[in-house]
Amino acid sequence: MEEILDNVKVNFDEQALWTLNIALAFVMFGVALEIKPSDFKRILLEPKLLLTGILSQFIALPFLTFILVWIIRPIPSVALGMIMVAACPGGNISNFITHLAKGNSALSVSLTAFATLLAIFFTPLNLQFWGGLYEPTQLILQNVAIEPWQMVKLVALLLAVPLILGIICNTYFPIRSKKLSKFFKIASLLFFIVLIGLALGKNKSVFLEYVPYIFWLVLLHNCIALLTGFSLSKLMGLNMEDTKSITIETGIQNSGLGLLLIFTFFEGLGGMALIAAFWGIWHLVSGLVLGSIWSRMGSTKKKVLNG
């Protein structure tokens, strides 16, 4: 198994890769159409919330992912895929799921904005640092010989530029931006479906053979991500609305960004691509289920209080 997955590569030609880069940038632009400069000010006035969100997403999750990798010793390319996913910022549907869960939507939007900017540096840093501490993944990183600055530039191009453009549009054209954001929400989901389909399609027989092996790892990893956000929020004494937001921001990762970085810098390395692709599917399921449960609990509590 190790030899197969560590050598299988999902190769995209240069034109297809640039198409995917542009598509992800448009997804980020759509997310940013709901963000205003005041969202940054709001969360800066509540440093405890900002600190908890940053610690949960960029410190605690990568650290616990490394511990998980060290304990279960998965295939090297799979291990690096897990570290890559943990190094990414929150996913594009976290705001929608937070709203569904009756969490603090304003906090979710603010954290998305901050996490996106911080990811320019934290994503390459966490990948290199934690990947370099585990010998099997360190060997992959040495063989690939990534220039960290190249990854910083690509992440900035994919995330920061469309974020800034989206915020500018929302500031000066709020009505049009609100209408456009609805379109981009649907388009972003379709984008991820196509992206995952492309990632899996070329090596379908190999990937299907290892679904049972990958699935339980993604399930366990995602549970740890959600529990990380929830536990740290409770430890910091946050209320339930804020706890829901940080839990979802930590458990919904931008696996689409992870896939594109894997295609660009690791030539679509099989184990990495499979982990990121399955994350893209599973976190939608787990997020919607958790959001629905919290929504029903909130509605039930409200009925009891009103009853």
Side-chain angles (χ1 to χ4, degrees), residues 27 30-31 33-35 39 42-43 46 48-50 52-53 55-57 60-61 64 85-86 88-115 178-179 181-193 196 215-256 277-307:
V27 170
V31 172
L33 287 173
E34 296 184 317
I35 298 173
D39 292 321
R42 181 191 297 116
I43 200 167
E46 299 181 90
K48 186 177 181 180
L49 295 178
L50 178 59
T52 304
L55 284 175
S56 180
Q57 198 156 24
L61 180 58
L64 291 173
V85 168
C88 289
N92 61 305
I93 65 160
S94 60
N95 305 147
F96 167 75
I97 293 177
T98 298
H99 179 73
L100 172 66
K102 294 182 167 59
N104 187 339
S105 295
L107 172 61
S108 179
V109 170
S110 300
L111 283 175
T112 296
F114 263 93
K178 188 174 182 180
K179 292 179 179 178
S181 68
K182 294 178 180 178
F183 163 77
F184 276 105
K185 283 179 182 178
I186 299 172
S188 65
L189 285 175
L190 293 175
F191 161 70
F192 281 110
I193 291 170
I196 292 167
F215 178 74
W216 77 266
L217 285 176
V218 170
L219 181 65
L220 179 60
H221 194 195
N222 185 236
C223 284
I224 288 173
L226 292 168
L227 286 171
T228 297
F230 185 85
S231 302
L232 188 59
S233 298
K234 286 299 182 183
L235 188 65
M236 296 292 282
L238 303 186
N239 62 40
M240 195 57 194
E241 280 194 348
D242 294 339
T243 296
K244 289 177 183 179
S245 300
I246 291 175
T247 299
I248 291 166
E249 286 293 318
T250 309
I252 304 296
Q253 293 295 91
N254 194 337
S255 53
F278 268 82
W279 251 92
I281 297 169
W282 178 251
H283 76 179
L284 293 175
V285 176
S286 64
L288 289 171
V289 169
L290 181 61
S292 299
I293 291 172
W294 269 338
S295 179
R296 289 182 181 180
M297 288 173 64
S299 299
T300 302
K301 185 177 180 181
K302 187 175 181 180
K303 287 180 182 178
V304 171
L305 291 173
N306 293 336

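Every value quoted in this text rests on a predicted model; they were computed, and no experiment measured them. Note that these values count all heavy atoms, side chains included, but never hydrogens, waters or copies made by symmetry.
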Shortest non-hydrogen contact between Trp279 and Gly251, atoms and distance
CZ3-O, 3.3 Å
Separation between CG (Leu288) and CD1 (Ile97), nearest 0.5 Å, reads 4.5 Å
Tested for side-chain contact (heavy atoms from CB on, under 4.5 Å) against Thr112, the lone hit among Ser245, Pro89, Ser94 is Ser94
Nearest non-hydrogen partners of Gln57 and Gly90, listed with the distance
NE2-N, 2.6 Å
Measure the spacing between CD1 of Ile224 and CG of Leu61 and express it to the nearest 0.5 Å.
8.5 Å
Any residue meeting side-chain contact (heavy atoms from CB on, under 4.5 Å) with Ala60, in chain and number order, not counting sequence neighbours:
Thr228
List the steps and the verdict of side chain to side chain contact (heavy atoms under 4.5 Å, CB included) for Glu34 and Lys178.
CA-CA 7 Å; Glu34 296 184 317; Lys178 188 174 182 180; over 6 Å; no
If you compare all heavy atoms of Ala86 against all heavy atoms of His221, which two are closest, and at what distance to 0.1 Å?
CB-NE2, 4.2 Å
Applying ring pair (Phe, Tyr, Trp, His ring centres under 6.0 Å) to Phe230 and not counting sequence neighbours gives none
Please give me the minimum heavy-atom distance between Val31 and Ile35, naming the atom from each residue.
O-CG1, 3.9 Å
Answer yes or no: is there a donor N or O on one side and an acceptor on the other, between the side chain of Ser110 and the main chain of Ala106, under 3.5 Å?
yes
Side chain to side chain donor-acceptor pair (under 3.5 Å) partners of Thr250, counting only residues at least two apart
Ser56
For Ser181 and Gly30, work out which heavy atoms get closest and say how close.
CB-O, 4.1 Å
Calculate, to the nearest 0.5 Å, the distance between atoms CD1 and CZ belonging to Ile252 and Phe96 respectively.
11.0 Å
Those residues that, when tested against Ser286, pass side chain to side chain donor-acceptor pair (under 3.5 Å) (two or more places apart):
Asn222
Distance col, row His99:NE2 vs Ser105:OG, nearest 0.5 angstrom, shows 6.0 Å
Just wondering, are more than 12 heavy atoms of other shown residues or ligands nearer than 6.0 Å to NZ in Lys179?
no
Kindly write out the residues that satisfy ring pair (Phe, Tyr, Trp, His ring centres under 6.0 Å) with His283, not counting sequence neighbours, or none if the list is empty.
none
Among residues at least two apart in sequence or on other chains, which ones pass side chain to side chain donor-acceptor pair (under 3.5 Å) with Ser108?
Asn95, Thr98, Glu249
With Ser233, which residues qualify under side-chain contact (heavy atoms from CB on, under 4.5 Å), at least two apart?
Thr52, Leu238, Thr243, Ile246
If you measure from CG on Asp242 to CG on Asn104, what distance do you get to the nearest 0.5 Å?
5.0 Å
Could you give me the CA-CA distance, side-chain angles and deciding distance for Lys102 and Glu241, then say whether side chain to side chain contact (heavy atoms under 4.5 Å, CB included) is met?
CA-CA 7 Å; Lys102 294 182 167 59; Glu241 280 194 348; 5.9 Å; no
Only counting residues at least two apart or in another chain, list the ones meeting side-chain contact (heavy atoms from CB on, under 4.5 Å) with Leu290.
Leu226, Thr247, Trp294
